[in-house]
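Sharing a structure here in structure tokens format.
Computed from a prediction, not measured in an experiment: that's the story for all the values here.
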Amino acid sequence: MSARWKLLTGAIAALGVLAATTACSGPPADDNEILVYNAQYEPLTRQWVEEFTRETGIRVTLRNGDDIDLARQVVAEDAASPADVLLTEHAPAMAMVEHAGLFAALEPDTLAQVPEQYRPSAGTWIGTGAHATVFDYNPAELPAEGLPASLLDLQQPQWRGRWTVATAGADFQALVAGLLALRGEQDTVAWLRGMKDNAVSSGNAVAAMRRVDSGQVGGGVVCSGDWYRDQAGTRENSGNTALHYFRNQDPGAFVSISGAGVLKSSEKSAAAQRFVRFITGRTGQEVLVRGDSMAYPVGAGVPANPVLPPLDSLQAPRIDPNALDAEQVIRLTAEAGLQ
């Protein structure tokens, strides 16, 4: 993809994000209102906003979009961005903005609320929740003894046509970014090429789970929250399936974090810092647990929804979130013919 084409597509995406606003969106009216660019699970963010405004009196306008689109928009706007806070579902988009030098330092009290493994070393943005990668499988099609031991096994010829993954969106980008950070470009390219040959591509996580549940394929790589959310509801896309965790620091055990950061361009930094401190504090993290996002809380001392296996039991590899390279992932997936 040429540099000119990347700039053009980025600009088009940014215009699309500008159109995808909430009913109350627009320029913040006064110092008691902040604008949040939001790519996190919208019901959760709305719950955070309601509780935050009730507690502080500070109003929040949400402008919703996708992870990479919003990150690119912030980078394009640079110092002229009207946003005060950026929230993304996965870390690669946050790292993109961090690498552009557009985040303000977070207050020490805010950083202290989240353990080091769930925030980047730079201290300019912070984790707000965590998402595990899992292999959703249908025992009628794939017995437990036939499960892949590693995510990397799925590139082997014996898996051709037997598994699925949603190749569009932030979940897949985060998974590939984790693989890239752990194993380097050569192994990542090999896995992407094997995946292109073997996997049945699904448009989104629901479609992937539906394929597995109906027996069209034996299994699929999904974000754990999607499976648990379906289990807590109708189970129409997961009733015939179970979960396999790769563990053992395998790339398939990657745990991605959602992020929040205050932009340097914010003219309301005190209110913006207060919002980030709220959502990563006890009240904000308890809102996350009570909701249906099925993400893991990352705030110190806040237990997860009891249906989720303990986060430390997943034996996830540890990666500095700022090492996740979204632009390189986009390039590699495109070169592999996946976009």
Side-chain angles (χ1 to χ4, degrees), residues 7-54 56-98 100-104 106 124-129 168-171 173-174 257-280 284 287-288 291 293 295 326:
L7 287 172
L8 177 60
T9 55
I12 292 171
L15 288 172
V17 170
L18 283 169
T21 61
T22 58
C24 60
S25 65
D30 53 44
D31 288 341
N32 204 42
E33 182 175 353
I34 60 173
L35 173 62
V36 174
Y37 283 3
N38 175 57
Q40 291 199 25
Y41 182 59
E42 289 182 32
L44 169 61
T45 307
R46 287 196 298 268
Q47 291 166 348
W48 274 337
V49 166
E50 291 171 3
E51 292 289 336
F52 175 72
T53 300
R54 184 179 299 116
T56 67
I58 299 170
R59 297 184 298 278
V60 179
T61 295
L62 294 178
R63 186 168 292 172
N64 298 310
D66 296 326
D67 270 33
I68 298 301
D69 289 347
L70 283 177
R72 283 177 166 167
Q73 182 176 340
V74 169
V75 172
E77 292 169 343
D78 200 357
S81 179
D84 300 292
V85 173
L86 173 66
L87 301 179
T88 70
E89 190 72 359
H90 293 284
M94 300 298 290
M96 184 185 296
V97 176
E98 161 63 26
L102 299 179
F103 283 131
L106 291 176
T124 53
W125 63 273
I126 193 168
T128 62
D171 291 350
Q173 289 168 343
I257 62 172
S258 301
V262 175
L263 297 175
K264 284 182 179 177
S265 57
S266 173
E267 297 180 356
K268 301 164 187 178
S269 60
Q273 292 274 357
R274 193 171 180 183
F275 179 72
V276 174
R277 185 166 63 249
F278 173 83
I279 64 177
T280 55
V287 167
L288 179 149
S293 72

- Message: Counting C-beta onward and ignoring hydrogens, is there a side-chain heavy-atom pair between F52 and V60 closer than 4.5 Å?
- Response: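 They are in contact (side-chain heavy atoms under 4.5 Å apart), so the answer is yes.
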- Are side-chain heavy atoms of L44 and L288 found at a separation under 4.5 Å?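 Yes, at least one pair of side-chain atoms sits under 4.5 Å.
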- Query: Rounded to the nearest 0.5 Å, how far does NZ of K268 lie from CD1 of I58?
  - Reply: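 If we round to the nearest 0.5 Å, I58:CD1 and K268:NZ are 10.5 Å apart.
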- Query: At their closest point, which heavy atom of K264 faces which heavy atom of A104, and how far apart are they?
  - Reply: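 Result for this residue pair: CG-N, 3.6 Å.
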- Query: Rounded to the nearest 0.5 Å, how far does CD of Q273 lie from CG of D84?
  - Reply: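 So the CG of D84 and the CD of Q273 are separated by 11.0 Å.
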- Between T45 and the options L87, I279, N64, T128, the side-chain contact (heavy atoms from CB on, under 4.5 Å) test singles out L87
- Message: Within the 3.5 Å criterion, strictly below it, is a donor on E77 or Y37 matched to an acceptor on the partner's side chain?
- Response: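 Side chains of E77 and Y37: pair found under 3.5 Å.
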- Between A83 and S265, what is the shortest heavy-atom contact and its length?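 Looks like O-OG, 3.9 Å.
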- Minimum-distance pair of heavy atoms, taken over all atoms of A174 and P92: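 Looking at all heavy atoms of both residues, the shortest contact is CA-CG, 3.9 Å.
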- For L70 and G65, work out which heavy atoms get closest and say how close. CD1-N, 3.7 Å
- Task: Mark yes or no for whether W125, through its side chain, and E98, through its backbone, hold a donor-acceptor pair below 3.5 Å.
- Result: no
- Task: State, with a plain yes or no, whether a side-chain heavy atom of L106 is found less than 4.5 Å away from one of T124.
- Result: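 L106 does not reach T124 side chain to side chain.
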- Query: Shortest non-hydrogen contact from P82 to L35?
  - Reply: O-CD2, 3.6 Å
- Note on the structure: To the nearest 0.5 Å, atom OG of S258 lies from atom CD1 of I126 at 12.5 Å
- Message: Run the side-chain contact (heavy atoms from CB on, under 4.5 Å) test on Q173 and H90 for me, step by step, so that the C-alpha distance in whole Å, both residues' side-chain angles and the decisive distance to 0.1 Å come before the verdict.
- Response: CA-CA 9 Å; Q173 289 168 343; H90 293 284; over 6 Å; no
- Query: Is there a side-chain contact (heavy atoms from CB on, under 4.5 Å) between L86 and V97 once you walk through the steps?
  - Reply: CA-CA 9 Å; L86 173 66; V97 176; 3.7 Å; yes
- Check: V262 and F103 side chains under 4.5 Å, non-hydrogen atoms: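 Side chain of F103 against side chain of V262, heavy atoms only: no contact under 4.5 Å found.
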- Could you check if a side-chain atom of V85 sits within less than 4.5 angstrom of a side-chain atom of L263, using non-hydrogen atoms only?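 In short, these two side chains do not touch, never coming nearer than 4.5 Å.
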- Note on the structure: In this structure, CG of L62 is separated from CH2 of W48 (nearest 0.5 Å) by 11.0 Å
- Query: Do R63 and N38 touch side chain to side chain, with heavy atoms closer than 4.5 Å?
  - Reply: no
- Item | Heavy-atom closest contact (N32 atom, G57 atom, distance) |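 Nearest pair, atom of N32 first, then G57: ND2-O, 2.9 Å.
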- Taking only Lys NZ, Arg NE, NH1 and NH2, and the carboxylate oxygens of Asp or Glu, determine whether E42 and R46 approach each other closer than 4.0 Å.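 Salt bridge between E42 and R46, a charged N being under 4.0 Å from a carboxylate O: yes.
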- Query: Stepwise, does the side-chain contact (heavy atoms from CB on, under 4.5 Å) test hold for F278 with T56?
  - Reply: CA-CA 10 Å; F278 173 83; T56 67; 5.6 Å; no
- Task: Would you confirm whether E89, through its side chain, and Y41, through its main-chain N or O, come within 3.5 Å as a donor-acceptor pair?
- Result: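 Pair found, side chain donor or acceptor close to backbone of Y41.
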- Under 3.5 Å: donor-acceptor pair, side chain of Q40, backbone of G259: yes
- If we only count heavy atoms from C-beta on, is the T88 to M94 side-chain gap below 4.5 Å? yes
- Assess the side chains of T61 and E33: does a donor N or O sit below 3.5 Å from an acceptor N or O?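 Yes, a side-chain donor-acceptor pair sits under 3.5 Å.
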